[in-house]
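Let me begin by presenting the structure, written as structure tokens, before commenting on it.
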There are 2 protein chains.
Amino acid sequence: MTRDTAHDRSAVRRAASIKDVAAAAGVSPTTVSHVLSGNRPVNEQTAARVRSVVNRLGYVPASLARSLQAGATSVIGLLIPDISNTFFAELAKGAEDAAHDLGYGLILCNTEFDADREDRYLGMIRSRFIDGMVYASGSPPSRRRLEALMGKFPIALADEEVEGLSGALIASADHEAGGRLVGEHLRALGHRRALMLTGPRDLRSGAARAHGFRQAFHGDVVERTGDFKEESGHRLVAELLDDGGLADRTAVFAANDLMAFGALAALREAGLSVPDDVSVVGFDDIRAASLINPPLTTVHQPAYDVGRTATAQLLQYVSRGEVPPASRHTLPVELKVRGSTAPPAAR
Amino acid sequence: MTRDTAHDRSAVRRAASIKDVAAAAGVSPTTVSHVLSGNRPVNEQTAARVRSVVNRLGYVPASLARSLQAGATSVIGLLIPDISNTFFAELAKGAEDAAHDLGYGLILCNTEFDADREDRYLGMIRSRFIDGMVYASGSPPSRRRLEALMGKFPIALADEEVEGLSGALIASADHEAGGRLVGEHLRALGHRRALMLTGPRDLRSGAARAHGFRQAFHGDVVERTGDFKEESGHRLVAELLDDGGLADRTAVFAANDLMAFGALAALREAGLSVPDDVSVVGFDDIRAASLINPPLTTVHQPAYDVGRTATAQLLQYVSRGEVPPASRHTLPVELKVRGSTAPPAAR
DNA sequence: TTGTATGCGTTATCAT
DNA sequence: ATGATAACGCATACAA
């Protein structure tokens, strides 16, 4: 073991600072700063000399010090429950694109619906490590805290309005129109009795979907409350199948695709055919929806656009050091009619 | 428009600093610091007074200043090509979990394989805004830059060893074993002539998969180079179908699921049946693989574990201010036999 | 037990 | 065209 090895493994040696460059170039730190920023004219000779030293020393300004001085970090957070859900992954992609366009970094705050985890991430905004937060469907227990932050810090709500939280910057899909499209579609096919699998009671988006659906379907609707997970769609349908509650229903509308997948599985296990015996509709249009068998009829949510819009709007204010005003940006949805829906079988 | 409105929209008022707290509590900033950190004993009376002021003023230490002083930010980056690819989303989830466990933040660096974008993100490590980087399959053009950074900054390679980049901390799936499993499976089914759709030439993982496959398949293998995208799998197979190059092949092994999907589509469009006419195998086991029709036989990659392991290993050193030593962590893969493979049809 | 002084690495202000 | 100095907000070595 040579000395070199030991050295390589030890702490990195201190990086060159602006002072080091200044000293080596025989100028003041101020001049070095201006050569690099172009904020004021510098003699070309001097500038060249400084640049050469910068290269030789591999000097890169410490963005941390820069941020401290500037009072902003050019980093925002994206708080979501589950990055492995393709809906949120798409949303994240849109948010990252928007952030990158404006030179901002994006911290991934994946909460798994864990309130403590969410709180820790919200702490980043209080400690001013991030300049703002895009908040997409966090855990209900954190409402209070979110609310307390809302007026003081730049926060944008994406995809979901949190119940009771108004006066915020919001970007979301048109959930009600989505529900309406499904209602119209099923009604037009001839369905009159449906089962609706909703999301958690306190989510506005779910209420909007249900409301639009009832309004347009105009038939007999039984509702069951799920939690947006595949398993819950499976369980709810299986239960109803067991106690005969589904016997007179010809269609199932799940508030998201994952629950629709669960419903599909439960139906299959019960020996029922989709769409011959029962039609199934989802919501979100995640990637797997078109690949599954039968391909799922569902409402396409512009997840990417929601993330991108929420972030772009937020940054528009954050970049000026302002707290965003309340505003709503509703993005259009689209019904994707695929193989999981058909007219009800004649009885 | 009242004064209030104008005020609400304008810049947030300066947050309380440690000095404000000190002044209001009639102590020195040092004491406030110690009350909060517990780094040295403080009189309980004094401490109580300080805490009360902290609450009243809503004081939260500026993490930026703290980081500057500490010389580290407790934030690392995760560089991936596409967060909407479920493989990378899973990997990201693992990375985020590991980071969160150790109190680190994670900046999402989504590159879309864009070299400029990748460079900008790599810049964050040079400017010391992040303490380290988990690098998963970036764009080939950035190799040089990566290489230059490798020795000086804490970087861990996840999922992919970059060609010619040794001496790094690496966590990846056992690609060769995966290829071998596929080879054995197809051989056991009776296949003797296969088409292999590889990834970009310069990716080691692809080479390892191909090598393992050839070794175990022990038959006639034709290779075509793709780029890991669905479209490329489609195009390559369609081309071969056109010029008869696929006529004598009974199996296709795609180096990832996306290309396998493309191959499946091209085969279907040509009126060929899977697995009756041709067997198809993928790699990765992304979510859609089991949902597609027919369900895809593929090699399950532990994406979550790869992300988690790479990150945990990296942080083990970063947290001590060290540059990680070269090391390799190979994670086991698993063959998922599903409906897209069967014995070749008798001729 | 507490306080003073200094440094972390920048940029802005004010001079020259 | 360039430089000296202060300030961003904190933590810590050194003093008392």
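Naming convention: chains lettered A, B, ... in sequence-line order (proteins, then strands); numbering from 1 in each chain.
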### Task
Please list, in 5' to 3' order, the outermost nucleotides of DNA chain C lying under 4.0 Å from any heavy atom of chain A.
C/dG9 to C/dC14
### Message
By the 4.0 Å heavy-atom rule, please label A/V21 as base, sugar-phosphate, or nothing.
### Response
nothing
### Query
So is B/R320 actually on top of B/Y317's ring, under 6.0 Å and inside 45° of the axis?
yes
### Query
Is the closest basic N to carboxylate O distance between B/R51 and B/E44 below 4.0 Å?
yes
### Task
Test B/I107 against every option in B/V75, B/L78, B/I76 by the side-chain contact (heavy atoms from CB on, under 4.5 Å) rule and name the one that passes.
B/V75
### Message
Please classify the nucleic acid contact of B/T30 as base, sugar-phosphate, or nothing, using heavy-atom distances under 4.0 Å.
### Response
base
### Query
Going through the checks in order, is the side chain to side chain donor-acceptor pair (under 3.5 Å) test met by B/E96 and B/Y104?
CA-CA 9 Å; B/E96 202 269 352; B/Y104 275 74; over 6 Å; no
### Query
Hey, where on DNA chain D does chain B first and last touch, going 5' to 3'? Cut-off is any atom under 4.0 Å from a heavy atom.
D/dG9 to D/dC14
### Message
What's B/H34 touching, base or sugar-phosphate or nothing? Going by heavy atoms closer than 4.0 Å.
### Response
base
### Query
Taking C-beta and beyond as the side chain, do B/S172 and B/H329 meet within less than 4.5 Å on heavy atoms?
no
### First encountered from the 5' end of DNA chain C, between B/R128 and B/P41
B/P41
### Summary
Value for CZ (A/F88) from CD1 (B/I83), rounded to nearest 0.5 Å, stands at 13.0 Å
### Query
For B/G77 and B/I130, which heavy atoms make the closest approach, and how far apart are they?
N-CD1, 3.9 Å
### Spatial distance of atom CE (A/M124) from atom OG1 (A/T73) [nearest 0.5 Å]
8.5 Å
### Query
More 5' along DNA chain C: B/T46 or A/N39, using each one's nearest nucleotide?
B/T46
### Query
Could you state the interatomic distance from CG (A/D159) to CZ (A/R204), rounded to the nearest 0.5 Å?
14.0 Å
### Task
I would like to know whether A/F129 and B/F129 meet ring-ring contact (aromatic ring centres under 6.0 Å, His included); could you show each step before the answer?
CA-CA 11 Å; A/F129 193 87; B/F129 193 88; 5.8 Å; yes
### Task
Have a look at B/S63 and say if it touches a base, only the backbone sugar-phosphate, or nothing, with a 4.0 Å heavy-atom cut-off.
nothing
#### Entry: Inter-end axis angle, the helix from C/dT1-D/dA16 to C/dT16-D/dA1, with every axis fitted to five base pairs (rounded, 10 degrees)
40°
#### Entry: Audit row: A/R117, A/Y121, side chain to side chain donor-acceptor pair (under 3.5 Å) steps and yes/no
CA-CA 6 Å; A/R117 200 150 166 174; A/Y121 279 127; 5.0 Å; no
